[in-house]
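Working notes, beginning with the structure itself.
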Amino acid sequence: MKIALLDVNYRFSSTGKILADLKSGLGARGHDVLAAHGRGPEVQEPNVHRFAPPWEVAAHALASRVTGLNACFSPWATRRVLRLLDDFAPDVVHLHDMHGYFVNIEHLVSHLKVAGVPVVWTAHSEYMYTGKCGYAMACERWTSACHHCPQLQAYPSSWGLDFTSHMFEQKRAMFADFDQLTLAAPSQWLADRMRRSAILNGRDVHVVYNGLDEAVFQPADREQARHSLGLSGKKVVLTVGSNLLSELKGGRWAIELASRVTDPDVVFVLVGVGPGVPSLPANVIGVAHVADQLLLADYYSAADVLLLTSSRETFSMVTAESLACGTPVIGFDAMAPKEVAPDGFGQFVEHGDIQGLHRLLDRVLAKDLILKSAPECVAFARKRYSKFAMVHSYEQLYRIAVGH
C-alpha cells in the first residue's frame, strides 16, 4: 500500500516522533511510505520532505495574528505539498496536526476530496472541532457554535480580531461532505469530545494510543542513571515538557511545589526550561530541551516519580514514556493522562490544588502511598503503548479506509 503521512513535524516533538515511527514501522511491513512535514529541521532521509520554508511559516504566523484567521495562508507551501501528493499518488493519506502556520487546510482537504483519496485523520489536539483553539479548556461553545472566543490570545493567537465563528462554520462545511474520511484519536477522552462536537457531529472515531520506541524508552538502572546525571543520593521528582513554563504545561506549579518541599534530599528536575529563566529555588534543576532521546530515557529512569503539571493533555506522551522507563506518575488531572496512567500507575488531583499535590508527593516519597513497581509500569506501557501496536492499529485503519 502507498501511504502518505502529513504532520507539522518529523522526528521532533511528540507528533513528529509518531510520524517517524509510523514511517519506519510501515516501511518494515512492506508499505511504500511518504512523510511530509511543514516545520522543523530538514531530515536527510528517503521519502521525507519539509515543504514549508521558515520565511513562509513566519509570514503565516504574522498574518494569523493580524487578521485573526489561521490555517488559510501558506499558498506556496500548500502547492508544494499538493504536488508531492500528486506525484506520489497514495492509496491513503494520513493527516496528523495540520495547524501550526504551514498549510492551507481547506485547500488541502478540497484537493483530497476531488482526487478521491481516502483519508485517515488523527486529532492530536482539539483544533479540528473548535473555531481556532488547540485546547478548549472549560469553554463548551464547540458543542454548538464558536463565537466571542474567550481564548483569543491563546495559540493560535489573534491580536484582537475574532473570526472564530467564521472559521467554525468553515470547518463545519469542510467536514459535512468529507465522505472518504476515517477519524482517529489517541485517547478515549478526546474521541468522546470529538463525537460531541457540532463540527464532527457524531462521526465514528477510532481510538489508537500513541506508540513509543521501546528500544529507547526502557528502564536503566536507577542508581547508575542518577550517578551519570549528577543526582546521586537524591530523591528525584521529574517534570518534562516542551516549553514547560507555558501556561498549558504549567511548569510554574512544579516550581511552586518545590518551594514547599523542605527535605534536602529531594530535588526537582525540570526538563524543557529554556535559557533566561528567572532564578529557581535551590532544590530545582532546570534543563533545556533534551533532543537526545536516550538521555531523556535516563532522566525518566532516574526519577522516583514523574510530576505532570499540565492544564490539559489529549494524551501525554511524557506519561507513556515515563511508564515505559519504570517510573509512575502523579500530578494534576489534565483529563487524558489519567487514562494513559490509570490508578496505580498514576495518581492525580484537581488542577491547581497545590496543597493536595504536595500531600500526594509526600505520601509517594515516604512510601505511604505505594504506586506500581518499575517492572509493572514497564510491562503495562509495552503492552499498551508499543510503537508496533500503534503501527498495526493504523495499518488496519488504512485498510478500512480504502475498503480492503
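What's counted below: heavy atoms across the whole structure, side chains too, no hydrogens, waters or symmetry copies. Just so we're clear, the structure is a prediction, and the values are computed from it rather than from any experiment.
- Donor-acceptor pairing under 3.5 Å is recorded for the side chains of Ser373 and Glu376.
- Judged purely by distance below 3.5 Å, without hydrogens or angles, the side chains of His289 and Asn243 never pair a donor atom with an acceptor atom.
- Between Trp253 and Phe332, the ring planes lie perpendicular to each other; the angle is over 60°, past the 30° to 60° tilted range.
- At a cut-off of 3.5 Å, with distance as the only test, no side-chain donor of His351 or Thr309 sits close to an acceptor on the other residue.
- The closest side-chain heavy-atom distance from Leu238 to Tyr300 is below 4.5 Å.
- Residues Phe163 and Thr67 have side chains not in contact (no heavy-atom distance under 4.5 Å, counting atoms from C-beta outward).
- Ion pair Asp265/Lys235 not flagged as a salt bridge, since none of the NZ, NE, NH1 or NH2 atoms sits closer than 4.0 Å to an Asp/Glu carboxylate oxygen.
- Within the 4.5 Å cutoff, the side chain of Leu245 has heavy atoms near those of the Val273 side chain.
- Ser74 places no side-chain N or O within 3.5 Å of a backbone atom of Ala77 that could act as its donor or acceptor partner.
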Evaluation steps, ring-ring contact (aromatic ring centres under 6.0 Å, His included), between His94 and Tyr398: CA-CA 8 Å; His94 187 177; Tyr398 302 150; 5.5 Å; yes

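- The two residues Leu22 and Tyr394 make their nearest non-hydrogen contact at CD2-CD1, 3.8 Å.
- At most 12 heavy atoms of other shown residues, nucleotides or ligands fall within 6.0 angstrom of atom CD in Gln355.
- A donor atom on one side chain and an acceptor atom on the other are not found under 3.5 Å apart for Lys338 and Gln347.
- Remark: Lys372 is not positioned above the aromatic ring of Phe380, lacking an NZ or CZ atom under 6.0 angstrom from the ring centre and at most 45 degrees off the axis.
- For Lys171 and Glu106, the salt-bridge test fails: no basic side-chain N is under 4.0 Å from an acidic carboxylate O.
- Judged by distance alone, the side chains of His206 and Gln396 never bring a donor and an acceptor atom under 3.5 Å apart.
- Between Lys249 and Glu313 a salt bridge is recorded (basic side-chain N to carboxylate O distance below 4.0 Å).
- With 3.5 Å as the limit, one finds a donor-acceptor pair spanning the side chains of Thr15 and Asp7.
- Of all heavy-atom pairs spanning Ala324 and Leu212, the tightest one is CB-CD1, 3.9 Å.
- Rounded to the nearest 0.5 angstrom, Met98 CE and Leu108 CG are separated by 7.0 Å.
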From CA spacing to verdict: ring-ring contact (aromatic ring centres under 6.0 Å, His included), Phe175, Trp121: CA-CA 11 Å; Phe175 282 106; Trp121 198 338; 5.4 Å; yes

side-chain contact (heavy atoms from CB on, under 4.5 Å) evaluation trace for Gln293 with Phe217: CA-CA 8 Å; Gln293 299 297 283; Phe217 295 103; 3.3 Å; yes

Test side chain to side chain donor-acceptor pair (under 3.5 Å) applied to His148 and Thr164, step by step: CA-CA 7 Å; His148 299 90; Thr164 52; over 6 Å; no

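- Distance check: Arg252 CZ to Ser246 OG gives 10.5 Å after rounding to the nearest 0.5 Å.
- Thr130 places no side-chain N or O within 3.5 Å of a backbone atom of Trp142 that could act as its donor or acceptor partner.
- Among all heavy-atom pairs drawn from His60 and Asn70, the shortest one is NE2-C, 4.3 Å.
- No side-chain heavy atom of His96 sits less than 4.5 Å from a side-chain heavy atom of Val8.
- Contact check on Glu56 versus Arg80 returns a salt bridge, with a Lys/Arg side-chain nitrogen under 4.0 Å from an Asp/Glu carboxylate oxygen.
- Salt bridge annotation for Arg83-Asp86: absent, with no cationic side-chain nitrogen under 4.0 angstrom from a carboxylate oxygen.
- For the ring pair (Phe, Tyr, Trp, His ring centres under 6.0 Å) criterion with Tyr101, the lone passing option out of Tyr155, Trp55, Phe73 is Tyr155.
- At least one donor-acceptor pair under 3.5 Å links the side chain of Ser187 to the backbone N or O of Thr314.
- There is no side-chain donor-acceptor pair under 3.5 Å between Tyr10 and Arg50.
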Working for side-chain contact (heavy atoms from CB on, under 4.5 Å), residues Lys23 and Glu45: CA-CA 11 Å; Lys23 182 176 182 295; Glu45 187 179 317; 3.5 Å; yes

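- The shortest heavy-atom contact between Tyr385 and Glu339 is OH-O, 3.9 Å.
- Ion pairing of Lys387 with Glu214 is absent here, as no side-chain N (NZ or NE/NH1/NH2) approaches a carboxylate O to less than 4.0 Å.
- At a threshold of 4.0 Å, the pair Glu126-Lys132 does not count as salt-bridged, since none of the basic side-chain nitrogens sits closer than that to a carboxylate oxygen.
- Nearest approach of Ala4 to Leu85, heavy atoms of both residues: CB-CD2, 3.7 Å.
- The two residues Ala303 and Arg222 come nearest to each other via the heavy atoms O-NH2, 3.0 Å.
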